[in-house]
Amino acid sequence: MDAKITVRKALENGLVVPAFNIPYPPMLKAVAEAVRDENSVAMIQVARLEWEKFESVSLENIAEEYGKYAVPGHTLLHLDHVPVIDEDHLEVDYLSLIKRAIAAGYQSVMVDASRLHLNGNIAATKAVADIAHAAGIPVEAELGAVMGHETAQATIPYDEIFEKKLGFTEVADALKFARESDCDWLSVAVGSVHGAIADNLKDQKKPAARLDIERIAELKAALGIPLVLHGGSGIENDYITRGIKAGIAKINVGTEIRQPYERAMREKNDVEYAREKVYTRTRELIRDFLHTAGDAEVLA
Ligand code: 13P
């Protein structure tokens, strides 16, 4: 499978490609089997903060684990959030991480320069796009602020974020961004929030997020490229369905499978038991929440 073609097909058919995060390496086998058993197509992804702040170790470690459990025709390997400025406001050597991901066999990559101003974000994304495209793989970028990872921002009440459209992606900016950055997919801020990663918050249930469907439709009409929704856990289900119809072609899901893994490990400290929990939850998400069961017929 080619990630760019698969996500494009999802957009054209009103479908979505889920992308499941792997903060703990044993989760990967369970996710891959769930995707296969629901006859779905999904990305398996890791973000830098998952090897810095959780237990993924490195992007190479996840690529190696993926090599053991990948299911041809069902799974793709994606590098999620490589920040240019990270959640602790430190600069990251993002280009070398992108080069390492290409060498390790990742089939698509994300650069997140959304903490920079528009022109800085464009320049950083373009630098990544040049390298990735030369290697034949697509690039996801982010414009706007999908909140949640930063401890301070997580304290803003959700209703206030949504009502005031705090950090939402503006159509005019997005148009300039897509034209000049050469990104293939754009992560947009339209109401979802990332699952919190701060120690005091990471076990909590996420607020039931809503989506600005009108903004998604406007962005799709203006840009014509697949849109990505981060913070997929905990969004009201009706909004997921409408968001996909409006132009979301990839959706990231982390917290919904991380929390069952962590709970199971706390309960029994047994990896196989924790894997079973992740497997079951991933199948439920594919069937009942994302509605992508059977999509391999169209997307593979
Ligand atoms: P959730 O943890 O909220 O599902 O978000 C995952 C995500 O967006 C990773 O990039």
Side-chain angles (χ1 to χ4, degrees), residues 7 16-24 27-28 31 42-54 56 59 62 76-84 86-87 92 94 97 101 106 108-115 139-151 153-154 158 161-162 167 169 185-199 201-211 226-237 239-240 243-244 248-263 278 281-282 284-286 289-290 292:
V7 175
V16 74
V17 179
F20 293 106
N21 284 85
I22 308 293
Y24 301 94
M27 291 171 64
L28 195 151
V31 171
M43 292 185 193
I44 290 184
Q45 64 182 10
V46 66
R48 175 179 174 270
L49 64 81
E50 288 167 327
W51 67 79
E52 295 281 340
K53 303 205 163 144
F54 291 86
S56 289
L59 66 90
I62 292 300
L76 291 156
L77 181 62
H78 174 73
L79 186 68
D80 189 23
H81 287 279
V82 168
V84 172
D86 75 8
E87 56 286 349
V92 175
Y94 61 100
L97 289 174
Y106 280 76
S108 49
V109 292
M110 180 195 188
V111 58
D112 175 5
S114 63
R115 290 189 181 92
V139 173
E140 176 181 332
E142 181 162 305
L143 183 66
V146 180
M147 300 194 181
H149 280 164
E150 297 85 348
T151 326
Q153 286 178 334
Y158 178 74
I161 294 179
F162 194 77
T169 309
W185 313 324
L186 187 62
S187 160
V188 290
V190 289
S192 62
V193 287
H194 283 119
I197 55 157
D199 275 342
L201 297 169
K202 73 184 184 14
D203 294 337
Q204 287 178 14
K205 195 169 165 25
K206 285 185 66 184
R210 288 162 274 157
L211 298 176
L227 303 177
V228 181
L229 187 68
H230 282 236
S233 299
I235 296 173
E236 287 180 30
N237 201 242
Y239 282 101
I240 295 277
I244 295 166
I248 298 295
K250 170 177 180 277
I251 179 165
N252 288 6
V253 179
T255 308
E256 281 279 4
I257 56 172
R258 170 177 60 77
Q259 289 180 340
Y261 183 87
E262 290 172 338
R263 268 197 300 272
V278 172
R281 186 68 191 128
T282 308
E284 282 169 5
L285 290 167
I286 289 172
F289 179 67
L290 301 163
T292 62

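When a ligand or atom number is given, it counts from 1 through the structure's own listing order.
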Closer than 4.0 Å to some heavy atom of [X] - which atoms of ligand 1 meet that?
X      : value
Thr255 : 1 (P), 2 (O), 3 (O), 4 (O)
Asp80  : 9 (C), 10 (O)
His230 : 8 (O), 10 (O)
His81  : 10 (O)
Val193 : 3 (O)

Is there a side-chain contact between [X] and [Y] in this structure, where contact means two heavy atoms from C-beta onward sitting under 4.5 Å apart?
X      : Y      : answer
Leu28  : Ile44  : yes
Val109 : Tyr94  : no
Pro83  : Arg115 : yes
Glu50  : Arg258 : no

Return yes or no for this condition: an N or O of [X] is under 3.5 Å from an N or O of ligand 1.
X      : result
Gln45  : no
Val253 : no
Glu256 : no

- Message: Could you work out, for atom 3 (O) of ligand 1, the closest of Met110, Lys206, Lys202 by heavy-atom distance?
- Response: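 Nearest heavy atom to atom 3 (O) of ligand 1 lies in Lys206.
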- Message: Quick one about Ser187 and Glu142 (side-chain donor to acceptor, distance below 3.5 Å, no hydrogens or angles considered), yes or no?
- Response: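 Yes - a donor-acceptor pair under 3.5 Å links their side chains.
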- Under the side chain to side chain donor-acceptor pair (under 3.5 Å) test, residues paired with Tyr239 that sit two or more places apart: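 Testing Tyr239 for side chain to side chain donor-acceptor pair (under 3.5 Å), a comparison that skips the adjacent residues, returns none.
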- Mind checking side chain to side chain donor-acceptor pair (under 3.5 Å) for Ser108 and listing every partner two or more places apart, or none if nothing turns up?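 For Ser108 the side chain to side chain donor-acceptor pair (under 3.5 Å) partners, ignoring immediate neighbours, are His78.
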- Message: Looking at ligand 1, is there an atom of it that comes within less than 4.0 Å of some heavy atom belonging to Gly232?
- Response: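 Yes, Gly232 has a heavy atom closer than 4.0 Å to ligand 1.
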